[in-house]
A.B. asks: 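Quick one: the structure is below, and I'll ask about it shortly.
Numbers restart at 1 for each chain; the letters A, B, ... are given by sequence-line order, proteins then strands.
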Protein chains: 2
Amino acid sequence: MRIVVARCQVDYAGRLSAHLPLATRVLMLKSDGSVLIHSDGGSYKPLNWMSPPCTVREGVAEDGRPEWVVTAGKTDDTLRILIDEVLHDTSHELGIDPGLQKDGVEKHLQELLAEHPATLSDGLTLVRREFMTAIGPVDLMCRDAEGLSVAVEIKRRGDIDGVEQLTRYLDLLNRDPALTRKGAVRGIFAAQEIKPQARVLATDRGIACALVDYDVLRGMDDGAEHRLF
Amino acid sequence: MRIVVARCQVDYAGRLSAHLPLATRVLMLKSDGSVLIHSDGGSYKPLNWMSPPCTVREGVAEDGRPEWVVTAGKTDDTLRILIDEVLHDTSHELGIDPGLQKDGVEKHLQELLAEHPATLSDGLTLVRREFMTAIGPVDLMCRDAEGLSVAVEIKRRGDIDGVEQLTRYLDLLNRDPALTRKGAVRGIFAAQEIKPQARVLATDRGIACALVDYDVLRGMDDGAEHRLF
DNA sequence: GTATTAATTTCGACG
DNA sequence: CGTCGAAGTTAATAC
């Protein structure tokens, strides 16, 4: 990993064209050839970058200033960094990283709701997780107290396309005589956060919305484990 | 901007929980308080980070090692960086960045197609760009050689949700007597790349697909400008 | 390897 | 200031 602080201009040509005027920035050159150009702000996204696999060629521009040309391996994307003044230049051996361990993403949410379906609607019991249909898997297929089938779509953030997805599933499921014997399949849209537009669309289509609290669910899970002893 | 290379452990608690085992990494501390933790690989995304606004508090862990605690302003997100050994530590004044100038995004695609609607379908002429409806603006509203209304949805990458979007527009537009006097409103799904599933869904719903070549369109635009002289 | 989906998405525009 | 849609999205996972 090489870290350079330099006054520079940058031009990118590839899927789009982009230009960075002369200013002081941090250039990160990773060992896989990838390059990141960071300013002192924004967020984790660099102002410009080149994704691996790619190679950096250090050359000299017409006016004699150093110019680094980064080219992608497969595509014809090109990143040109014209160096005006180098303020800092160091290299460090980092080694390979063991990587990030995550907990609390959508998969975990689905696991917890599969164990506690009644938190979505009273009397709900799980029939199957990842219930396969011709157009994809329904997150949870349940049955309510009256024996009616209920399809549950789970999102971390409930957006309009999640409602569309559940609608497609319901359209298909309601053509299945085995599922609709006692009545139409109901839909529940479950998420930690539901956008207003998504809620409106869901309600309009007769789909119930359920807000999910991950911490509460995890707490219930602990309780269940305790009761086993 | 402060750049630190250190052997460290990291723990994040917030929207999810995440952990990074002990390893050597690059820590970027931006002047707005945000922190990026980079390894020597991956892509432009850091292994872990904290978005601004946030504040870094440099403290000491129970065992005496330095521990940096980054807390978000509004939420209760917390990032803990336990420092095992500092290998490098420098600060640099970067100043505010003039920012990135882009060219070639969806807006430009829409501008070019508005000038050359016939490339989508023979005899097509533009009625209006950003034609407003109750559920949002239709990218291009056109008329074909027979005088029928044609709604065009433009995407850089044509995905299934783009087809859903156009379908919603068409449902609404086809209830407008002024538009449907000569017949139903047709739909054209235009994109630089159309995913197979999106194409199938569009075709199934009677929506035409049109592949758009940005470079060719830009070329036509140049030609048009030349012909003015 | 390809295609689909989630993401601590981030970022910009618009009402 | 929230909401909505695009992004050079990237990254993981299923097929």
A.B. asks: Around B:E93, counting heavy atoms of other residues, nucleotides and ligands shown, do more than 12 lie under 6.0 Å from its CD?
C.D. replies: no
A.B. asks: List, with names and distances, any nitrogen or oxygen atoms from the protein found under 3.5 Å away from nitrogen or oxygen atoms belonging to nucleotides 2-5 of chain C.
C.D. replies:
| from | atom 1 | to | atom 2 | distance (Å) |
| --- | --- | --- | --- | --- |
| C:dT4 | OP1 | B:Q197 | NE2 | 3.3 |

A.B. asks: At under 4.0 Å between heavy atoms, what does A:S51 touch on the DNA or RNA strands: base, sugar-phosphate, or nothing?
C.D. replies: base
A.B. asks: What ring pair (Phe, Tyr, Trp, His ring centres under 6.0 Å) pairs are there with at least one residue in residues 27-53 of chain A, not counting sequence neighbours?
C.D. replies: A:Y44-B:W49, A:W49-B:Y44
A.B. asks: Please classify the nucleic acid contact of A:M50 as base, sugar-phosphate, or nothing, using heavy-atom distances under 4.0 Å.
C.D. replies: base
A.B. asks: For A:W49 and D:dT10, what is the distance between atoms CH2 and C1' respectively, to the nearest whole Å?
C.D. replies: 9 Å
A.B. asks: Can you see whether A:R205 engages A:T167 through a side-chain donor-acceptor pair at a distance of less than 3.5 angstrom?
C.D. replies: yes
A.B. asks: Considering heavy-atom distances to DNA chain D, does A:Y12 or A:A198 have its closest nucleotide positioned more toward the 5' end?
C.D. replies: A:A198
A.B. asks: Might you confirm whether atom CZ of A:R80 has over 12 heavy atoms from other residues, nucleotides or ligands at distances under 6.0 Å?
C.D. replies: no
A.B. asks: Can you give me the closest heavy-atom contact between B:C209 and B:R199, atom names plus distance?
C.D. replies: CB-NH1, 3.7 Å
A.B. asks: For a quick check of understanding: with a heavy-atom distance under 4.0 Å over all strands, which category does A:L47 fall into, base, sugar-phosphate or nothing?
C.D. replies: nothing
A.B. asks: Please walk me through it: do B:R65 and B:D84 pass salt bridge (Lys or Arg N to Asp or Glu O under 4.0 Å)?
C.D. replies: CA-CA 7 Å; B:R65 285 183 288 180; B:D84 203 62; 2.7 Å; yes
A.B. asks: How do A:D139 and A:R157 order along DNA chain C: which one's closest nucleotide is nearer the 5' end?
C.D. replies: A:D139
A.B. asks: Between protein and nucleotides 11-15 of chain C, what N or O pairs are separated by less than 3.5 Å?
C.D. replies:
| from | atom 1 | to | atom 2 | distance (Å) |
| --- | --- | --- | --- | --- |
| C:dC11 | OP1 | A:S43 | N | 3.3 |

